[in-house]
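Taking it in order: structure first as structure tokens, then the write-up.
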Amino acid sequence: MDTNRPAAAPASPEQQKVLNRILVQRERLKARRTAYRQSRAVMASEGAGRVEPGAPVAMRVLAFARLHPLVTAAAVGVAVMAGPARLIRWAGMVMPLVARLRRG
């Protein structure tokens, strides 16, 4: 550290506002990182990264959506673009296949 340097001049009111906003933002980011680490630790301890094979279908679908958000968003986007009439038609074709797979 250079001891021959003069002390910094005090910040103007505008500069102090900016410095205060920077400080608040740093605290917010630090809190977000801490919360993220805690949530990851809780998920790891509960085994939230797995889909239970014996769980009801709705729970398995929710678990899949949590594990694969981009795939879920893409599927929802395709469903919205297809429209209700096509979805009902596709469901009429797919449901018998799913029923056969569940029986077999």
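These numbers were taken from a predicted model, which means no experiment stands behind them.
- Ala91 and Pro96 get closest at one heavy-atom pair: O-CD, 4.2 Å.
- Closest of all the heavy-atom pairs between Ala65 and Thr72 is CA-OG1, 3.3 Å.
- Counting only heavy atoms from C-beta outward, the side chains of Arg37 and Arg40 never approach each other to under 4.5 Å.
- Here the straight-line distance linking atom CG of Leu67 with atom CZ of Arg60 works out to 13.5 Å at 0.5 Å rounding.
- To the nearest 0.5 Å, atom CE of residue Met95 and atom CG of residue Leu97 are 10.0 Å apart.
- In this structure, Met81 shares a hydrophobic cluster with no other residue, the cluster being traced through Ile, Leu, Val, Met, Phe, Trp and Tyr side chains under 4.5 angstrom apart.
- Alongside Val18, the hydrophobic cluster contains Ile22 (criterion: ILVMFWY side chains under 4.5 Å).
- Apart from Val98 itself, the hydrophobic cluster it occupies contains Val94, where clustering links Ile, Leu, Val, Met, Phe, Trp and Tyr at side-chain heavy-atom distances under 4.5 Å.
- Other residues, nucleotides and ligands contribute at most 12 non-hydrogen atoms within 6.0 Å of the CZ atom of Arg86.
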